[in-house]
Visitor: 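My structure is below; once you've seen it, I'll send some questions.
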Amino acid sequence: MLELFLFPIIYIRELYKNLNSSKEKLNILKKRKEIEEKKIYINIHEWGGYGLKRSKSIHEKIPTFECGLYYQLERFKKQKVDGFKKYVNVTMSEEEKYKEFDFVHSNTDNVDFVSNFGMDFSGYSFFFNKIENEKNAYLILTNTSVNSISPEDFLEDYINYMEDNKDVAILGISYSTRMGQSLIRNNFIPHLQSFFYLTTIDVLKEIVNFNNGKFPGEDTADKLLLIREGEIKMSVLAHNLGYNLAVVTEEGKIFKFGKNSRKDNGYNRWDLPKGDMRQFVKKPNKINKILK
């Protein structure tokens, strides 16, 4: 309602921000704390009503694809990163609906049952709270909507990229540049989509502390509002802390984005198609290998 009332003012403000964003090369304003333990925590969140394998349709402009917990567990079982240990955890909401526990338990280190209130973010929040006092290590938060197709080996290159780019708070596999739940069609809020985050324990600590002790999205039940309060806020908070973000494109290239100042939204530096990345790719929600 407020957007409708203030529509002309907000529209002009967004236009001004876009036109006056920095054209200079992206700066490095802040770097992450060093890893203290060579370990990769992997948390996969699942809703109990899904089967091990499923087809996912998001939008008429986005191709339907196969996904599911089976593919996530199988892919992470195969991933090896020299010198690093893996810990694979599954968080599941409405577990009473699930019928494939034998497979899940035999392919994970642990399974936790969580509330479905914040959907994926309830699982992400639960697992973060579980390990936040561990030594700083890499952490993957992901769900089962990741495309079944993925390269045999991708994780080592992802970790190496993070090792070499300490200014990157989160590495993702898909992005959007807009807040869809808005009347302001020229809004530009580039963010990583929440079905795959590679970050660290300490970065998430900073984000949660900066968000008044709350994990983004954990208190939001509405699915559409959750995109704003969970997915978008995660990226906005990381940017406001001074970090950059990065996404692996379908071509295997890495695009890094961020803010050179508080007022800079990065519009004039954005080199990728604007909108939801999944509308421009052949295989949406896919983990792509970094090509060197």
Side-chain angles (χ1 to χ4, degrees), residues 31-46 52 68-92 100-114 120-144 146-148 150-173 192 194-208 215 234 238 243 245-248 254 286-290 292:
K31 292 187 177 182
R32 303 185 319 267
K33 293 180 181 178
E34 294 288 337
I35 292 298
E36 298 171 320
E37 184 178 16
K38 288 202 164 188
K39 188 171 185 177
I40 306 166
Y41 291 96
I42 301 162
N43 187 69
I44 306 165
H45 181 70
E46 177 66 303
L52 275 175
L69 184 55
Y70 171 85
Y71 300 108
Q72 285 284 57
L73 293 176
E74 285 294 302
R75 74 165 46 96
F76 284 114
K77 183 165 57 174
K78 297 173 184 175
Q79 298 303 311
K80 294 181 180 179
V81 181
D82 189 38
F84 282 81
K85 297 179 291 184
K86 291 183 303 182
Y87 180 90
V88 179
N89 193 82
V90 168
T91 50
M92 184 174 292
E100 306 284 353
F101 276 116
D102 287 345
F103 179 84
V104 175
H105 282 298
S106 63
N107 286 278
T108 59
D109 293 297
N110 184 67
V111 178
D112 292 306
F113 301 137
V114 300
D120 296 340
F121 287 90
S122 67
Y124 294 174
S125 174
F126 180 93
F127 188 68
F128 166 70
N129 290 334
K130 183 177 175 178
I131 66 167
E132 65 175 318
N133 294 319
E134 299 293 333
K135 292 180 179 178
N136 191 31
Y138 286 110
L139 167 61
I140 292 173
L141 298 175
T142 184
N143 65 20
T144 62
V146 174
N147 200 306
S148 62
S150 70
E152 287 293 315
D153 56 334
F154 67 89
L155 188 53
E156 185 157 38
D157 287 341
Y158 279 34
I159 295 296
N160 288 340
Y161 176 81
M162 294 292 279
E163 291 278 278
D164 294 338
N165 292 269
K166 299 288 197 306
D167 58 304
V168 173
I170 310 171
L171 177 64
I173 62 170
L192 296 172
S194 59
F195 46 84
F196 184 100
Y197 293 137
L198 169 57
T199 184
T200 69
I201 295 173
D202 274 354
V203 163
L204 280 187
K205 280 184 183 178
E206 287 187 77
I207 288 173
V208 169
F215 195 97
M234 182 73 80
Y243 288 113
L245 301 173
V247 62
V248 184
I254 298 179
K286 179 177 177 286
I287 296 172
N288 292 291
K289 185 176 175 63
I290 298 171
K292 301 175 183 178

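Sequential numbering from 1 along the given sequence is applied to the chain's residues.
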Visitor: Quick check for you: to the nearest 0.5 Å, what is the distance between Lys38 atom NZ and Ile40 atom CD1?
Guide: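 If I round to the nearest 0.5 Å, the distance is 10.0 Å.
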Visitor: Does this structure show an ion pair linking Lys80 with Asp153, if we count only N-O contacts that are shorter than 4.0 Å?
Guide: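 Between Asp153 and Lys80 there is no salt bridge, as every charged N stays at least 4.0 Å from the carboxylate O atoms.
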Visitor: Determine whether Lys130 and Asn110 make a side-chain contact, defined as any pair of heavy atoms from C-beta on separated by less than 4.5 Å.
Guide: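 A side-chain contact under 4.5 Å exists here.
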Visitor: Side-chain contact, heavy-atom cut-off 4.5 Å: Lys289 with Glu152?
Guide: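 Heavy-atom side-chain distance check fails, nothing below 4.5 Å.
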Visitor: We want to know whether Glu206 and Tyr243 form a side-chain donor-acceptor pair, criterion being a heavy-atom distance below 3.5 angstrom.
Guide: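 Their side chains do contain a donor-acceptor pair, which is all the 3.5 Å distance test asks for.
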Visitor: Lys86 side chain to Gln79 main-chain N or O, any donor-acceptor pair under 3.5 Å?
Guide: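 At least one qualifying donor-acceptor pair exists.
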Visitor: Taking side chain as C-beta onward, heavy atoms only, is Leu198 less than 4.5 Å from Ile159?
Guide: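 They are in side-chain contact.
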Visitor: Considering all heavy atoms of both residues, which atom of Ala246 and which atom of Leu192 are nearest to each other, and what is their separation?
Guide: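 What the structure gives for the nearest pair is O-CD2, 3.5 Å.
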Visitor: How about Phe84 and Leu155: do any of their side-chain heavy atoms sit closer than 4.5 Å?
Guide: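 Contact flag for Phe84/Leu155 side chains = no.
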Visitor: Nearest 0.5 Å, please: how far is CG in Asp102 from CG in Asn107?
Guide: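 It is 11.0 Å, given to the nearest 0.5 Å.
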Visitor: With a 3.5 Å cut-off and no angle check, do the side chains of Gln72 and Thr144 form a donor-acceptor pair?
Guide: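 Their side chains do not contain a donor-acceptor pair, so the 3.5 Å distance test is not met.
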Visitor: Looking at every non-hydrogen atom in both residues, tell me the closest pair between Asn89 and Val111 and how far apart they are.
Guide: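 Scanning both residues completely, I find the closest heavy atoms to be OD1-N, 4.4 Å.
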Visitor: Can you tell me how far the CG atom of Asp202 sits from the CD atom of Glu134, to the nearest 0.5 Å?
Guide: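 Going from CG on Asp202 over to CD on Glu134, the span is 12.0 Å.
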Visitor: When you look at Thr142 and Phe76, which way does the side-chain contact (heavy atoms from CB on, under 4.5 Å) test go after all the steps?
Guide: CA-CA 11 Å; Thr142 184; Phe76 284 114; 4.3 Å; yes
Visitor: Could you check if a side-chain atom of Phe154 sits within less than 4.5 angstrom of a side-chain atom of Asn288, using non-hydrogen atoms only?
Guide: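 SC-SC contact between Phe154 and Asn288 ruled out.
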Visitor: Say you draw a straight line from OG1 of Thr200 to CD of Glu36; how long is it, rounded to the nearest 0.5 Å?
Guide: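 Rounded to the nearest 0.5 Å, the OG1-CD separation comes out at 10.0 Å.
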Visitor: Where is the tightest heavy-atom contact between Gly123 and Asn43, given as atom of each residue plus distance?
Guide: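 Closest heavy-atom pair between Gly123 and Asn43: O-ND2, 3.7 Å.
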Visitor: So, Tyr161 versus Tyr138, ring centres under 6.0 angstrom or not?
Guide: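 Not under 6.0 Å, so no.
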Visitor: Determine whether Ile207 and Thr199 make a side-chain contact, defined as any pair of heavy atoms from C-beta on separated by less than 4.5 Å.
Guide: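 Result no, sub-4.5 Å side-chain heavy-atom pair not found.
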Visitor: Where the side chain of Lys205 meets the backbone of Glu132, is there a donor-acceptor pair that is under 3.5 Å apart?
Guide: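 Yes, the answer is positive, given that a donor and an acceptor are paired below the 3.5 Å cut-off.
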Visitor: In Å and rounded to the nearest 0.5 Å, what is the CD1 to CG distance from Ile131 to Leu204?
Guide: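 The CD1 atom of Ile131 sits 8.0 Å away from the CG atom of Leu204.
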Visitor: Minimum heavy-atom separation for Ser150 to Arg75, with atom names?
Guide: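 Heavy-atom minimum between the residues: OG-NE, 3.0 Å.
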Visitor: Closest approach of Lys39 and Tyr87, non-hydrogen atoms and distance?
Guide: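 Reported closest heavy-atom pair: CE-CB, 3.9 Å.
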Visitor: With Tyr124 as reference, evaluate Phe128, Phe126, Phe121, Phe127 under the ring pair (Phe, Tyr, Trp, His ring centres under 6.0 Å) test and give the passing residue.
Guide: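 Exactly one option meets the ring pair (Phe, Tyr, Trp, His ring centres under 6.0 Å) with Tyr124, and it is Phe121.
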Visitor: In Å, rounded to the nearest 0.5 Å, how long is the span from OH of Tyr158 to CD1 of Ile287?
Guide: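 Rounded to the nearest 0.5 Å, the OH-CD1 separation comes out at 6.0 Å.
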Visitor: Can you see which heavy atom on Val88 is nearest to which on Ile44, and at what distance?
Guide: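 In this case the closest contact between Val88 and Ile44 is CG1-CD1, 4.2 Å.
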Visitor: Tell me, with the steps shown, if Ile35 and Met162 meet side-chain contact (heavy atoms from CB on, under 4.5 Å).
Guide: CA-CA 10 Å; Ile35 292 298; Met162 294 292 279; over 6 Å; no
Visitor: So for atom CG, which belongs to Asp82, do other residues, nucleotides or ligands contribute more than 12 heavy atoms lying within a distance under 6.0 Å?
Guide: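 Result for CG/Asp82: open.
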Visitor: Just wondering, more than 12 heavy atoms not from Lys77 lying within 6.0 Å of its NZ?
Guide: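 Yes, NZ of Lys77 has more than 12 neighbouring heavy atoms, counting only those of other groups under 6.0 Å.
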